[in-house]
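If you're wondering where the values come from, they're calculated on a predicted model, not measured in any experiment.
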Amino acid sequence: MTDPRAQTVGDLGERALLARILAVLGDASRAEVGPGDDAAVLSAPGGRIVVTTDTLVHGPDFRLAWSRGLDLGHKAAAVNLADVAAMGARPTALFVALALPDDTTAGFVEDLARGLREACAELAPGCAVEGGDLTASDTLTIAVTAIGVLDGGPPVLRSGARPGDVVAVAGELGAAARGLTLLFDRFRDADGRPVPVDAGALTAAERSDLASQLRPSPPIALGPAAARAGATAMMDVSDGLLLDATRMAEASGVSMDLDAGMDADDLRGGEGHALLACFPPDAPLPAGFRPVGRVGARRGAPVTVGGVPVTGHLGWDPHRDWDAGRG
């Protein structure tokens, strides 16, 4: 008997594949009109919504030799949920477009859908996949649009930092970058092609770093918590603390001095999706945030570390740093 999970996208066709995806997503929808119609209908408490989108492409963003469908679904949700949280909003819905090669198995797509659902349940309870699109492509691509609500409060922008503010971070720094280095250093063959990860060859610390890269779990609930605590500026650290702090400082017209003592991975490593926020000096930091610096009036460099201007490679730039091999 043929294993249903081994059937390919090409064998099933769009209608049957969509039915399999919806069966995995189940009854998690919280929309007024959820998956199955031409469009979803969502409620918008407070009258304003936050919208973001992110795309994962096989090659520059992930390698199938290294990532399971479950992990990819989780990561695709997590990176978008983090952007919503960084605005101080509560995520409420995801819309997922999949571009799939015909030889992709139904089991892989079901696992991807399961990863999306599990990430929502774990990181943003009440958020669910409410719609999307399926199409064919030679390159596996996952495009996610995330919706969030502000619950009556103002959005927290990256342009609001003020002199005297405390710079703080919630979530991991450096671990995802170490995990990516591990993949490229240890799990490629002599020709540079990715090979499956041998978890038994890794230490506990290496397995943890690898999980941070393949299956990030950013502190989504701390975005709205930071907003309620009076955060003046906030953003998702997706490209490295130095690079993203530079973006925040430039948008706010200030300088930031980060604490000395953080290593290169903490400062320049991306993809961990920690939250970077600024708070007034007299505001208690929400539990989960830790201070990492201070905001000052703009003088010279937008970001310094221990008073020393930073130079060189500040963080991840996909147009400069990505490896074109698909693997």
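Using a 4.5 Å cut-off between side-chain heavy atoms of Ile, Leu, Val, Met, Phe, Trp and Tyr, with links allowed through other members, Leu81 and Phe62 fall into the same hydrophobic cluster. Follow the hydrophobic side-chain contacts under 4.5 Å out from Leu182 and you reach Val197 in the same cluster. Each of Val149 and Val156 belongs to its own hydrophobic cluster when Ile, Leu, Val, Met, Phe, Trp and Tyr are linked at side-chain heavy-atom distances under 4.5 angstrom. Hydrophobic clustering of Ile, Leu, Val, Met, Phe, Trp and Tyr side chains at less than 4.5 Å, counting indirect connections, unites Val295 with Val292. Linking ILVMFWY side-chain heavy atoms closer than 4.5 Å, directly or via other members, places Val254 and Leu276 in a single hydrophobic cluster.
Using a 4.5 Å cut-off on side-chain heavy atoms (C-beta onward), Ile147 and Pro91 make no contact. At a threshold of 4.5 Å between non-hydrogen side-chain atoms, the residues Phe187 and Asp198 count as touching. Within the 4.5 Å cutoff, the side chain of Asp266 has no heavy atoms near those of the Leu241 side chain. Inter-residue side-chain proximity for Asp209 and Leu202 is flagged as unmet; no heavy-atom pair is nearer than 4.5 Å. The shortest distance between side-chain heavy atoms of Leu100 and Phe108 does not fall below 4.5 Å. No side-chain heavy atom of Val24 sits under 4.5 Å from any side-chain heavy atom of Val109. Using a 4.5 Å heavy-atom cutoff, the side chains of Thr104 and Leu98 are not in contact. Considering only heavy atoms from C-beta on, Leu94 comes within 4.5 Å of Cys120 through its side chain.
When atom types are taken as modelled, the side chain of Asn80 and the backbone of Asp54 share a donor-acceptor pair closer than 3.5 angstrom. Within the 3.5 Å criterion, the main-chain N or O of Ala301 finds a donor-acceptor partner in the side chain of Ser255. Proximity of a side-chain donor or acceptor of Lys75 to a complementary backbone N or O of Gly115 within less than 3.5 Å is not detected. A donor-acceptor pair under 3.5 Å is formed between the side chain of Asp263 and the backbone N or O of Asp265. Here the side chain of Trp66 pairs a donor or acceptor atom with the backbone of Val195 at under 3.5 angstrom. Remark: the backbone N or O of Ser217 is not paired with any side-chain donor or acceptor of His273 at under 3.5 angstrom. In this structure, the side chain of Arg186 engages the main chain of Ala201 through a donor-acceptor pair within 3.5 Å. With hydrogens and angles disregarded, a donor-acceptor distance shorter than 3.5 Å links the side chain of Asp244 to the backbone of Asp239. Between the side chain of Asp236 and the backbone N or O of Asp83 there is no donor-acceptor pair closer than 3.5 Å. Ser137 places no side-chain N or O within donor-acceptor distance of the main-chain N or O of Ala99, the cut-off being under 3.5 Å.
What you find for Gly307 and Asp257 is that their closest heavy atoms are N-OD1, 2.7 Å. Residues Val84 and Gly148 come closest through the heavy atom pair CG1-CA, 3.7 Å. Taking every heavy atom of both residues into account, Glu206 and Thr203 meet most closely at OE1-N, 2.9 Å. Looking at every heavy atom in both residues, Val169 comes nearest to Ala274 through CG1-CB, 4.0 Å. The two atoms that bring Phe184 and Arg63 nearest to each other are CZ-NH2, 4.0 Å, heavy atoms only. Counting all heavy atoms, side chain and backbone alike, Gly300 lies closest to Arg298 at O-NE, 3.1 Å.
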Asp71 vs Arg215, salt bridge (Lys or Arg N to Asp or Glu O under 4.0 Å): CA-CA, chis, key distance, verdict: CA-CA 5 Å; Asp71 294 333; Arg215 191 184 175 91; 3.3 Å; yes
Intermediate values then yes/no, salt bridge (Lys or Arg N to Asp or Glu O under 4.0 Å), Asp3 and Arg5: CA-CA 5 Å; Asp3 180 356; Arg5 287 175 55 83; 5.5 Å; no
Check against side-chain contact (heavy atoms from CB on, under 4.5 Å), Val144 and Val79: CA-CA 9 Å; Val144 179; Val79 300; over 6 Å; no
Worked check of side-chain contact (heavy atoms from CB on, under 4.5 Å) between Leu243 and Arg268: CA-CA 7 Å; Leu243 181 54; Arg268 292 177 165 83; over 6 Å; no
Audit row: Ile142, Asp61, side-chain contact (heavy atoms from CB on, under 4.5 Å) steps and yes/no: CA-CA 10 Å; Ile142 308 163; Asp61 297 308; over 6 Å; no
Derivation and outcome, side chain to side chain donor-acceptor pair (under 3.5 Å), residues Thr8 and Asp103: CA-CA 5 Å; Thr8 68; Asp103 61 357; over 6 Å; no
Residues Val166, Arg294; criterion side-chain contact (heavy atoms from CB on, under 4.5 Å); working and verdict: CA-CA 5 Å; Val166 175; Arg294 286 275 180 177; 3.4 Å; yes
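How far SG of Cys278 is from CE of Met256: 3.5 Å, rounded to the nearest 0.5 Å. Here Met262 contributes atom CE and Leu267 contributes atom CG; the two are 5.0 Å apart, rounded to the nearest 0.5 Å. The CG atom of Leu275 lies 6.0 Å from the CE atom of Met234; values are rounded to the nearest 0.5 Å. Rounded to the nearest 0.5 angstrom, Arg90 CZ and Ile220 CD1 are separated by 13.5 Å. Between the CZ atom of Arg207 and the OG atom of Ser212 there is a distance of 13.5 Å, given to the nearest 0.5 Å. Atom CG of Leu222 is separated from atom CZ of Arg228 by 9.5 Å, given to the nearest 0.5 angstrom.
Counting heavy-atom neighbours within 6.0 Å of Arg158 CZ, excluding the residue itself, gives a total of 12 or less.
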